[in-house]
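Only one structure is covered here, and it is reproduced in the block below.
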Amino acid sequence: MKASVLDKNGRMLHDRLRVDTPKKVTPRQLVGLIAGLIPTLPRFDRVSVGFPGVVRNGVVLTAPNLGTDRFHRFNLARALERRLGKPVRVENDADVQGLAVVKGKGVEMVITLGTGFGSSIFIDGRLGPHLELAHHVFRKDKTYEDELGEAARERDGDQTWQRHVREAIESLRNLTNFDHLYVGGGNSRLLNGALPRDVSVVSNTAGILGGVRLWA
Ligand code: BGC
């Protein structure tokens, strides 16, 4: 879990703090972990959260890598508002990351390579419907996340994982005809070699910068 405080122009006012999310974390623990970071950070007025799952109106519907069984229907936005005493917005992490990086022209797609496989799509800068491509079939009977998540990289090695990332990019091109595709997330820096002209790697801090745009 990463946190920082930004000004309204998206300038970071503090280095990104990072804490490991405990295995089998419960919603209560997660709220406690977030609250625990606050004393180290500068004063703030609002809170934006990029959550690794499906979120509707601040309520978590799925959390594939944290535990959907524990998080399903948890009103994370409300729990954090109560705990922190500030207005809170919670959205899917890849959607938040996308808000930071898209240019606002044409069909722009964002994927994030980390523990899970995140994706978001924008049309002329407007966020499209959240598609959980992570759990959609990619190749053979495997999903995008089965082949491109961190567990797959550890299992298959960097070479094979990279080849699959490139295959996925072409598969997503067929699906969406994107004008541009951005690749973010912690593992994006492991992609070496040339990428197609309409594909670029974006900094992993973008996820945090997108939080400011959630309030635009
Ligand atoms: C989840 C997505 C999330 C992605 C990256 C996937 O497992 O289903 O909602 O965006 O991981 O965290």
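Given the structure is predicted, the values throughout are model-derived calculations rather than measurements. Order of appearance sets the numbers: ligands from 1, and atoms from 1 within every ligand.
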Quiz item: Less than 3.5 Å between some nitrogen or oxygen of S119 and one of ligand 1, yes or no?
Solution: no
Quiz item: If you measure from each non-hydrogen atom of T62 to ligand 1, which part falls under 4.0 Å: side chain, backbone, both or neither?
Solution: neither
Quiz item: With a 4.5 Å limit on heavy-atom distance, are the side chains of N177 and V107 in contact?
Solution: no
Quiz prompt | Protein contact to atom 4 (C) of ligand 1 [nearest heavy atom, distance to 0.1 Å] | solution = F117 O, 3.4 Å
Quiz item: Does a donor on one side chain and an acceptor on the other come within less than 3.5 Å for Y144 and S119?
Solution: no
Exercise. With heavy atoms of G118 as the reference, note each atom of ligand 1 found under 4.0 Å away.
Key: 4 (C), 5 (C), 10 (O)
Self-check item: Whether G53 lies under 4.0 Å from ligand 1, heavy atom
Solution: yes
Quiz prompt | Which of the ligand 1 atoms, numbered from 1, are nearer than 4.0 Å to a heavy atom of H135 | solution = 1 (C), 6 (C), 7 (O), 8 (O)
Exercise. Output yes when R126 and E108 qualify as a salt bridge under the 4.0 Å nitrogen-oxygen rule, no when they do not.
Key: no
Practice problem: With heavy atoms under 4.0 Å as the rule, classify the contact between P64 and ligand 1 as side chain, backbone, both or neither. | Solution: side chain
Quiz item: Do we see a donor-acceptor contact under 3.5 Å between the side chains of N65 and E145?
Solution: yes
Self-check item: Gap between atom CG of N187 and atom CG of D158 - 0.5 Å precision
Solution: 8.0 Å
Exercise. Output the distance between atom CG (D146) and atom NE2 (H135), rounded to the nearest 0.5 Å.
Key: 9.0 Å
Quiz item: Does N65 approach ligand 1 within less than 4.0 angstrom via side chain, backbone, both or neither, non-hydrogen atoms only?
Solution: side chain
Quiz prompt | Identity and separation of the nearest protein heavy atom to atom 8 (O) of ligand 1 | solution = E132 OE1, 2.5 Å
Practice problem: Return a yes/no value for E145: is any of its N or O atoms, backbone included, closer than 3.5 angstrom to an N or O of ligand 1? | Solution: yes
Quiz item: For ligand 1, which atoms have a heavy atom of N92 less than 4.0 angstrom away?
Solution: 2 (C), 3 (C), 9 (O), 10 (O)
Self-check item: Nearest-neighbour protein heavy atom for atom 3 (C) of ligand 1, which is reported as residue plus atom name and distance
Solution: D93 OD1, 3.4 Å
Quiz item: Out of V47, L13, L17, which one pairs with V5 under the side-chain contact (heavy atoms from CB on, under 4.5 Å) rule?
Solution: L13
Quiz item: How are the rings of Y182 and H180 set to each other: parallel, tilted or perpendicular (split at 30° and 60°)?
Solution: tilted
